[in-house]
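None of the values given here were measured: they were computed from a predicted structure.
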Amino acid sequence: LPHPFPQELEEARRWEGARDVRPLDGNVRRWGGLLLPNNPPYNTGAFRFELTFSPNHPLEPPCATLRTPIYHPSVDPEGRVCQPLTTHVHWEHTTRAIQVLQDLLLQLDSPDPQRVLRPDVAREMQERPEEFRRRAEEHTRLHAEPRPDA
């Protein structure tokens, strides 16, 4: 299967949900960029992500990780993300890289209590939403990158 990386990269670069999407260290199988959440408590910052493609892409799913620390129920302290779309069970070889990034952004914008890697944060979000929001905002202020101007 010829690899459609150039089109996929172009598509991701045009998408308004991210900035600065590009191969890292000249490696077309590792992309980096900044995700720009739309909703509080994360929309005051930008979050660096990495998308790594398997040599068997698109037959195997890519893996998205967040390099910027985030206080979120679906992202563990190492930046691993609970993303069903990229599990072998759900992966479709027709899924585009941009869809993986859109799914990730949607998850930052509306945390899903079913996708949990940090049960303590998920519990706090459901039982003490104000406290969760305050912590997540503070965490974003301390760790997130400044949002680039359009």
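Looking only at distances, a side-chain donor or acceptor of Q107 sits under 3.5 Å from a matching main-chain atom of C82. The main-chain N or O of A97 is found under 3.5 Å from a side-chain atom of E8 such that the two form a donor-acceptor pair. Judged purely by atom type and a 3.5 angstrom limit, S74 uses its side chain to pair as donor or acceptor with the backbone of R115. Without hydrogens or angle criteria, R19 side chain to L34 main chain gives no donor-acceptor distance under 3.5 Å. Not one N or O on the side chain of Q83 forms a donor-acceptor pair closer than 3.5 Å with the backbone of D103.
Contact check for L59 versus H93: side-chain heavy atoms found under the 4.5 Å cut-off. Two residues are said to be in side-chain contact when any heavy atoms from C-beta on lie closer than 4.5 Å; H72 and R118 fail this criterion. Under the 4.5 Å side-chain criterion, counting only non-hydrogen atoms from C-beta, V28 is not in contact with F53.
A search for salt bridge (charged side-chain N to carboxylate O under 4.0 Å, His left out) contacts involving E138 returns R141, not counting sequence neighbours. Scored by the salt bridge (charged side-chain N to carboxylate O under 4.0 Å, His left out) test, R67 finds E50 as partners (sequence neighbours excluded). D120 meets the side chain to side chain donor-acceptor pair (under 3.5 Å) test with no other residue; sequence neighbours excluded. The salt bridge (charged side-chain N to carboxylate O under 4.0 Å, His left out) check on E130 picks up nothing, with sequence neighbours excluded. Contacts of N27 classified as side chain to side chain donor-acceptor pair (under 3.5 Å), with partners at least two apart in sequence or in another chain: none. Residues that satisfy the salt bridge (charged side-chain N to carboxylate O under 4.0 Å, His left out) test with R133, not counting sequence neighbours, are absent from this structure. By the side chain to side chain donor-acceptor pair (under 3.5 Å) test, Q102 is found to be paired with no residue, residues two or more places apart in sequence or in another chain being considered. Take E10 and apply the side chain to side chain donor-acceptor pair (under 3.5 Å) test, not counting sequence neighbours, and it matches no residue. Partners of H143 according to the ring-ring contact (aromatic ring centres under 6.0 Å, His included) rule, which considers only residues two or more places apart in sequence or in another chain, are H139. Under the side-chain contact (heavy atoms from CB on, under 4.5 Å) criterion, T94 pairs with E92, sequence neighbours left out.
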ask   = When you look at Q7 and E11, which way does the side-chain contact (heavy atoms from CB on, under 4.5 Å) test go after all the steps?
value = CA-CA 6 Å; Q7 296 90 310; E11 202 173 29; over 6 Å; no
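By the rule that hydrophobic residues join a cluster once side-chain heavy atoms approach within less than 4.5 Å of another member, L85 and F49 end up as members of one cluster. A continuous path of ILVMFWY side-chain contacts below 4.5 Å connects L9 to L101, so both sit in one hydrophobic cluster.
When all heavy atoms of E60 and S54 are compared, the closest pair comes out as OE1-OG, 3.1 Å. In plain terms, the two heavy atoms of L108 and L66 that are nearest each other are CD2-CD1, 4.1 Å. The shortest non-hydrogen separation linking A46 to P148 is CB-CD, 4.2 Å. For F132 against V121, the heavy-atom pair with the smallest separation is CE1-CG1, 3.7 Å. Closest heavy-atom contact between W15 and I98: CB-CD1, 3.5 Å. Listed here is the closest heavy atom pair of W91 and T86: CE3-CA, 4.3 Å.
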Using residues 35-44 as the side-chain source, report each donor-acceptor pair under 3.5 Å to any protein atom, sequence neighbours left out, with the distance given to one decimal.
| residue | atom | partner | partner atom | Å |
| --- | --- | --- | --- | --- |
| N38 | ND2 | D109 | OD2 | 2.9 |
| N39 | ND2 | D109 | O | 3.1 |
| Y42 | OH | Y71 | O | 2.5 |
| N43 | ND2 | N38 | O | 3.2 |

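Rounded to the nearest 0.5 angstrom, R123 CZ and Q126 CD are separated by 9.5 Å.
Sorted by first and then second residue, the pairs that involve residues 33-49 and meet salt bridge (charged side-chain N to carboxylate O under 4.0 Å, His left out), not counting sequence neighbours, are D20-R48, R48-E145.
Among the candidates P61, P62, C63, the single residue satisfying the side-chain contact (heavy atoms from CB on, under 4.5 Å) test with V100 is P62.
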